[in-house]
Amino acid sequence: MSLSTPTLRILLYEGEGAQPLAAADRYAAISSLLEKGYAVTRSAADRPVAPADSSPMLVLGRFPGSPPDVAETDIPVHFHDITALAPAQLADLVETVRTDTGTAQHGAWKPWFPVIDYDRCTNCMQCLSFCLFGVYGVDGDRHIQVQNNDNCKTNCPACSRVCPEAAIMFPKYKAGPINGDLVSDADLQKEKMKVDISALLGGDVYAMLRLRSEKAKSRFSKERDSDKALAERQKCLIKLAAAGDIPPEVLMSLPSPEEIARRAEEAQAKAAAARGA
Amino acid sequence: MSQPPPSILYCHCKYAQVVPKEVKDAVLRRLCESGVAFEAVADLCEMSARRDPALARLAQAGPVKIAACFPRAVKWLFHQAGAPLSPDQAEVLNMRTLTAEEIGTSLLAVDLHANLPVGKFAPSDQPTATSALA
């Protein structure tokens, strides 16, 4: 999936040259398109709406004759009469135009990713050090930023747990302050207590995983018992899941301890380089 | 010359069940019944992840009222999309905590009560280009 593909802009037009929709029909049309992931502009003379850009545009309306004229423009504009269309048919029509225009498909990815509150962030790089999936990076001024949204593991808020300032939000998370609710002093104390997942496990989580990996290897060489090694790893990950409200499926899909150690070292080197600059 | 009323942005929060369905449906219904112009988006988070240019156009188009979730989350979603909202020109109405009635009334009122949290970060402190470290 590419997040950089342009999106189709839909305008519900009820002005000159078109018949207005009844309120119930307007609601049915807009909600059916929103449910398919589209954004809809309902234009009227009373308030401004966002101006057009270079994205392809689809203008929907009840046009009794031919659609209204459009000023000469570089923007690809498509018109469709929706007089006889039920909401489900409307969604199908829009999907056809979306395919024809090569614009972004919605719904292929659940938008779950961290959002940084820079009013709170101290650029400590703990999130960068912690995340194994390369979600974080640094900008040209070596400030932390979210760079690979779609690498984030759906429903996993683990990095927000390691942030000492409660500066990382997941707006679709169930509870505050991770969901964007204001951060209270009590939250900060709570965060500090639960954050340090590594402390909960008795030290550096990566060091611990490495140690377990070494122990497992040692046992493995003696016993050749892969089931035992796997059970050991799962036990460790279940403990992590409970500590950080991390979906078990996320932890169970983590790479091998060796790969985790390698990625962690890579992330820590990045963070150290950013801090040391 | 009088100022135009604030533009309206409604977020349907399609990809999660954290906004009560009855609230978001009632807010959308009220907007449709009012006959006003508005922007309805399926999911602000998705737009932010895409850095959708529509967010920049909205952020730069003057006063705006946004029916979505927590003001702190909305502020930084726009920021992360490279489209920072002006702190004195944006009012965020939280559909996770307010009633549909409260939100509908505030959205349609012409006066704007800016409520984005203001902290140490200045809007000019936008992230710069990605470095080779990233």
Side-chain angles (χ1 to χ4, degrees), chain A residues 3-4 7 9 23-24 26-27 30-31 34-51 53-55 104 106-107 109-113 115-120 137-143 145-147 149-150 169 171-174 176 179-182 270 273-274, chain B residues 4-9 12-16 18 25 28-29 31-54 57-58 61-62 68-77 79-80 96-97 117-121 125 127-131 133-134:
Chain A
L3 291 178
S4 58
T7 52
R9 184 168 184 198
R26 188 180 299 135
Y27 171 79
I30 293 176
S31 54
L34 291 173
E35 283 299 318
K36 293 287 181 187
Y38 294 105
V40 184
T41 300
R42 195 268 161 171
S43 68
D46 68 312
R47 287 171 197 251
V49 292
D53 64 5
S54 58
S55 307
H106 299 280
W109 171 68
K110 179 176 176 177
W112 176 272
F113 56 96
V115 177
I116 300 173
D117 177 345
Y118 287 96
D119 284 336
R120 306 194 64 84
V138 292
D139 70 7
D141 293 329
R142 296 174 190 269
H143 290 140
Q145 63 177 193
V146 176
Q147 289 183 343
N149 295 310
D150 45 347
M169 296 172 279
K172 296 193 186 309
Y173 190 68
K174 60 192 172 199
N179 62 10
D181 200 354
L182 292 177
K270 268 190 199 175
Chain B
S7 53
I8 295 174
L9 173 62
H12 198 57
C13 195
K14 172 177 160 41
Y15 300 106
V18 290
D25 285 350
L28 180 59
R29 198 176 287 279
L31 283 171
C32 288
E33 285 167 354
S34 71
V36 300
F38 64 96
E39 304 275 354
V41 303
D43 200 291
L44 265 182
C45 290
E46 192 206 24
M47 293 178 83
S48 173
R50 288 184 185 283
R51 297 175 71 90
D52 193 316
R57 293 195 310 266
L58 274 160
C69 56
F70 290 98
R72 188 166 77 100
V74 173
K75 171 182 174 175
W76 296 108
L77 277 170
H79 172 91
Q80 207 149 294
R96 290 179 78 156
T97 59
V118 179
K120 66 180 182 186
F121 191 87
D125 298 337
T128 58
T130 301
S131 85
L133 271 172

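Letters go in sequence order (proteins before strands), and every chain restarts at 1. Computed from a predicted model, the values in this text were never measured in an experiment.
Proximity to chain A (any heavy atom under 4.5 Å) is shown, for Val74(B), by neither the backbone nor the side chain. Interface residue Phe113(A): only side-chain heavy atoms are found under 4.5 Å from chain B. Neither the backbone nor the side chain of Pro71(B) comes within less than 4.5 Å of any heavy atom of chain A. Heavy atoms closer than 4.5 Å to chain B are found in both the backbone and the side chain of Ser31(A).
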Tyr38(A)/Val41(B) under side-chain contact (heavy atoms from CB on, under 4.5 Å): CA gap, chis, key distance, verdict: CA-CA 7 Å; Tyr38(A) 294 105; Val41(B) 303; over 6 Å; no
Intermediate values then yes/no, side-chain contact (heavy atoms from CB on, under 4.5 Å), Arg50(B) and Asn149(A): CA-CA 9 Å; Arg50(B) 288 184 185 283; Asn149(A) 295 310; over 6 Å; no
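In this structure a side-chain-to-backbone donor-acceptor pair under 3.5 Å is present from Lys14(B) to Glu35(A). A donor-acceptor contact shorter than 3.5 Å links the side chain of Arg42(A) to the backbone of Val36(B). In this structure, the side chain of Arg47(A) engages the main chain of Pro6(B) through a donor-acceptor pair within 3.5 Å.
Nearest heavy-atom pair, Ile30(A) versus Cys32(B), reported as atom, atom and distance to 0.1 Å: CD1-SG, 4.0 Å. Nearest approach of Lys120(B) to Tyr118(A), heavy atoms of both residues: CE-O, 3.0 Å.
You'll find the side chain of His106(A) reaches within 4.5 Å of the side chain of Tyr15(B), heavy atoms only. Residues Leu77(B) and Pro171(A) are in side-chain contact: their nearest non-hydrogen atoms beyond the backbone lie under 4.5 Å apart. In this structure the side chain of Leu34(A) reaches within 4.5 angstrom of the side chain of Leu28(B), judged on heavy atoms. Looking only at side-chain heavy atoms (C-beta outward), Val18(B) and Asn179(A) stay at 4.5 Å or farther from each other.
The pair Lys172(A)-Asp43(B) meets the salt-bridge criterion, with a side-chain N (NZ, NE, NH1 or NH2) lying under 4.0 Å from an Asp/Glu carboxylate O. In summary, Arg72(B) and Asp119(A) do not engage in a salt bridge, as defined by a charged side-chain N under 4.0 Å from a carboxylate O. Residues Arg9(A) and Glu39(B) are paired through a salt bridge, judged by an N-O separation under 4.0 Å between the basic side chain and the carboxylate.
Separation of atoms CH2 (Trp76(B)) and CG (Asp117(A)) is listed at 5.5 Å; rounding is to 0.5 Å. Going from atom OH of Tyr27(A) over to atom CG of Asp25(B) covers 3.5 Å, rounded to the nearest 0.5 Å. The CD atom of Glu46(B) sits 7.5 Å away from atom CH2 of Trp109(A), with the distance rounded to the nearest 0.5 Å.
Interface summary for chain B: among Arg26(A), Lys174(A), Arg120(A), Lys36(A), the most heavy-atom pairs under 4.5 angstrom belong to Arg26(A). Listed options Ser34(B), Ala68(B), Cys45(B) were ranked by heavy-atom pairs under 4.5 angstrom with chain A; first place goes to Cys45(B). Highest contact tally toward chain A, considering only Gly35(B), Ala54(B), Pro117(B), is held by Gly35(B) [criterion: heavy-atom pairs under 4.5 Å].
Atom NZ of Lys110(A) is surrounded by more than 12 heavy atoms from other residues, nucleotides or ligands within 6.0 Å.
Residues passing the ring-ring contact (aromatic ring centres under 6.0 Å, His included) test with Phe38(B): none are found, sequence neighbours excluded.
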